Every structure is written in structure tokens, then in C-alpha cells.
Number of protein chains: 2
Amino acid sequence: MTERKLAILQIAQGLFMEKGYTATSVRDIAKSAGVEPASLYSHINGKEELLDRTCFEMAEKFLTGIEEVNDIYFDAAQKLKMAVDTHVNILTNHIDAAVVFQRDWRHLNEVRRSEFIELRNAYEDGFRVIVQNGIDEGLFSEVDVKFAALTILSSLNWIVEWYDPKGKLTASEIAANLFNFTFTGLKK
Amino acid sequence: MTERKLAILQIAQGLFMEKGYTATSVRDIAKSAGVEPASLYSHINGKEELLDRTCFEMAEKFLTGIEEVNDIYFDAAQKLKMAVDTHVNILTNHIDAAVVFQRDWRHLNEVRRSEFIELRNAYEDGFRVIVQNGIDEGLFSEVDVKFAALTILSSLNWIVEWYDPKGKLTASEIAANLFNFTFTGLKK
DNA sequence: TGTCATAACGAACATTCGTTAGGCAAAAAT
DNA sequence: ATTTTTGCCTAACGAATGTTCGTTATGACA
């Protein structure tokens, strides 16, 4: 990917984040890039490529992250901590792309959407493995594994709705808080 | 609101849920309603009215719910349980509208969007009050109140991404699981 | 019987959509 | 020095967008 193409991709991600994929026009992207709409097509195949790349590049980052965590021989609590940390880091380091990844994957074409959902399931599976490990190791209480993994991921994913790079909480503080919350809960 | 208008609103909500507000055309709605596009305008002022009604009717339901909970004199744990229960019930009973409420409020016009955000903040505040109560009562550990409320709401809101009315989990089972998780965490 | 409201219609509106065609100047490669 | 590639341009395409128009069939009420 050329430098220019990458720049265009990032500009697009910023706009997609702001207004959503469907509500962002090619003309919007061109304007932000300081170029005529037609000129974009010297770099990209079409609008959908920008969405596609964003979704799948993020999916790959997340998947690689969880696989690395699950390959290490630690106890489940440590693994969970690492998984949360990795997730929050990817997310805050690519906040624009992360929002698109979360919100707009639905607008992928049918084929790619199916592929995307599979990757997503694989990622969720990584979290289920950790929770199951924790139960087997006697570290976690015997919760519904699927449900627990989903709930943890909820908290992680919602970050994109409120995270502010200029806010007072750093990525690792957020991650620490989140791990604490999912591990210990509110109870004193 | 006439019967016909309500029917159109619900049809629209179903489509908005499926494809998103922006990606749903007036012609799509008309087709689903079995009517010509122009005929819709005998009932509604425009496409945006459908979004507006959906967002604000849901906001009102949520706000009323949390206010009722916070008006009752119970301890924080019980209040939290009730708040979670109410939230899950509203959400599962109006799943189409809930998805739109969560996902597409961004496409309200500027004025209405501001009003909407205010209502949302008021709702979040309701949860913050509960968490703060819990700390004051010595029931909850001394967490970051804002962060905790946000994390609880994350889990609640994410339900719309996976809830299946025909699934095996009932609304009250989901609510019970969620309360348990936020209160106790994973730790054994 | 005449009047009015309702809910639908087909046709058309101006605008915006994503995309393509063809050309032109500057830079890079040969 | 000549060719090729790059990056942009203007112009235009057909399709889709939300909405407005004047009209009409139906049925309730005076």
C-alpha cells in the first residue's frame, strides 16, 4: 500500500467514525483529502475497499493478539489480564478504525460479511477458552462461559463509544480498571 | 398516533435495525408497508420523524425506569438489580427500536441530537447514583463511580448485538446473569 | 345529496450517489 | 533523451435519494 493510499484510508476512517460509512460520501473523502472525487480512483477500487480494509485489518490485529495470549502458559487470571490489555491497546491505538470495525462491518457485501463474522467468532472463542480455563483451574466461579465471554467483550467494545485520546485515563489504566471490574465485580 | 402510523413506524424500525437508518430508503419502507413511497407522506412528515420518534420514545422509557428505581428506598445492591432488570426488559421488549436507539441516534439533526445526548447523560447519572450509594453504604468497593457505571451500561447495551427473542435465554435470566456478573465478577 | 377528511396513487422534482472515461503535466524509469 | 508511470484533472454517466405535486377512490357525516 502506497503512502498516499494509506493517507486516504486514514482520512476515510476518520470520516466513517464521525458520520458512519453509509452517510460518508466519496465526495466527502475527496474533499478531506484535498482532491477531486474522481482522483481517489487512482488509488482505490471503490468506497467499499476502504471499509473492507479497515474491518479486516482490525480483525487480524485482534485475532493475532488473542492467539498470542492463549499460546502462553499462564493461569487464566493472568491470561485474562493480558487479553484485556491487548484489546484495549489495539482499540485505543486505532480508535478511528476501531469504531468503523465495531459499527460498520454490517455494510460489507454478503460474502465478506460472512468471512468477517467468522473471524469475530474466532476471537470470541479465544475469550471463551480463557474463561473455561479459569473455571477448570478453580480460579473462576462456574459461570455460563459463553455469556461471561460476551459480557467481558461488551465492556471492552463499548470503550469506542466514550474513549477520548485526550482524556485523563490512559489505555493501561482503562485496561487495569476493566480487568479489575470483570474479575472482582462491585461487591466489597 | 393512528394505528396505520404506528404500523409504519414499526416497519421502519425493523428495517432500520436490519440495514441501519442511513442505508434504509423511504422506498424500502414503502415497499415493506405495501404502499407507494409518496403515500407514506400522508402519515409522516418525513423519514427523520421515524428516527426521532424511535430515539426519544425509547429514551423516555429508559429514563422513567431508572427514576422509578431510584425513588424506592432500597439498598444499592437491590436497586442495581432492579435497574438492570428494568433495562433488560425495556430492551428485549422493543428490540428493534432499541437497536435504532443505540446505533442511529447520531443521525438526528443537530438540535435533537443534543437533546438526546442530554437524556442519555441523565440516564447514566441514574446508574452513577446507585454505584455511589453502594459505596456510601459500604456494600460496593471503592471503585471509580463514572467508570463503573459506564462499564455496567456497556454490558447492558451490548445485549442488542446478540439478543435473539427465540433464543434460550429469557429476559429475566439475562438480567439475573448480568447483575450477578457486575456484582460478583468472575473470581471464585 | 352534498361536503369533507383520509389514504392512497402515478409522475415528477432537484439533488446526491458511486463510478467511469479521457486527457494532461510532472516525475521516474529506461 | 525517450518512454512509462503516477496523480490529478474536467466532464459526465446512470441510478438512487427524499420529497412534492395534483388527483382520485372511499366512506363518514351533515
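Proteins come first, then strands; the chains are lettered A, B, ... in the order of their sequence lines, and each starts at number 1. Because the structure is predicted, anything quoted here is derived from the model rather than measured.
Atom CD of B:E49 is separated from atom C1' of D:dG18 by 14 Å (rounded to the nearest Å). As a whole-Å value, the separation of B:I44 CD1 from C:dA7 P is 13 Å. Counting to the nearest Å, the P atom of D:dG7 and the CG atom of A:L6 are 13 Å from each other. Rounding to whole angstrom units, CG of residue B:L15 and C1' of D:dG18 are separated by 16 Å. Here the P atom of nucleotide D:dT17 and the CZ atom of B:R27 are 7 Å apart, to the nearest Å.
Taking 4.0 angstrom as the limit, A:H43 places a side-chain polar atom (N or O) nearer than this to OP1 or OP2 of D:dC8.
Residue-to-nucleotide proximity on DNA chain C shows that, of B:T2 and A:G46, the 5′-proximal contact is made by B:T2.
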Return a table of donor-acceptor pairs under 3.5 angstrom between the side chains of residues 45-58 of chain A and protein atoms on other chains or two or more places apart.
residue	atom	partner	partner atom	Å
A:K47	NZ	A:Y21	O	3.0
A:K47	NZ	A:T24	O	2.8
A:E48	OE2	A:N109	N	3.0
A:E48	OE2	A:N109	ND2	3.0
A:E49	OE1	A:N45	N	2.7
A:E49	OE2	A:K5	NZ	2.8
A:E49	OE2	A:R53	NH1	2.8
A:D52	OD1	A:R112	NE	3.4
A:D52	OD1	A:R112	NH2	2.7
A:D52	OD2	A:R112	NE	2.7
A:T54	OG1	A:Q13	NE2	3.0
A:T54	OG1	A:L50	O	2.6

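Using a cutoff of 4.0 Å between basic side-chain nitrogens and carboxylate oxygens, A:K31 and A:D28 are not scored as salt-bridged. With respect to A:E161 and B:R106, a salt bridge is recorded, a charged nitrogen being found less than 4.0 Å from a carboxylate O.
The side chain of A:V26 sits closest to C:dT19 out of C:dT19, D:dT19, D:dC8.
A heavy-atom distance below 4.0 Å to DNA chain C is reached by these residues of residues 32-40 of chain B, ordered by number: B:V35, B:E36, B:A38, B:S39.
Hydrophobic clustering (ILVMFWY, side-chain heavy atoms < 4.5 Å, transitive): A:V129 and A:F147 are in distinct clusters.
Applying the 3.5 Å distance criterion, the base of D:dG7 shares no donor-acceptor pair with the side chain of A:R4.
With sequence neighbours excluded, the residues satisfying side chain to side chain contact (heavy atoms under 4.5 Å, CB included) with B:E60 are B:T64.
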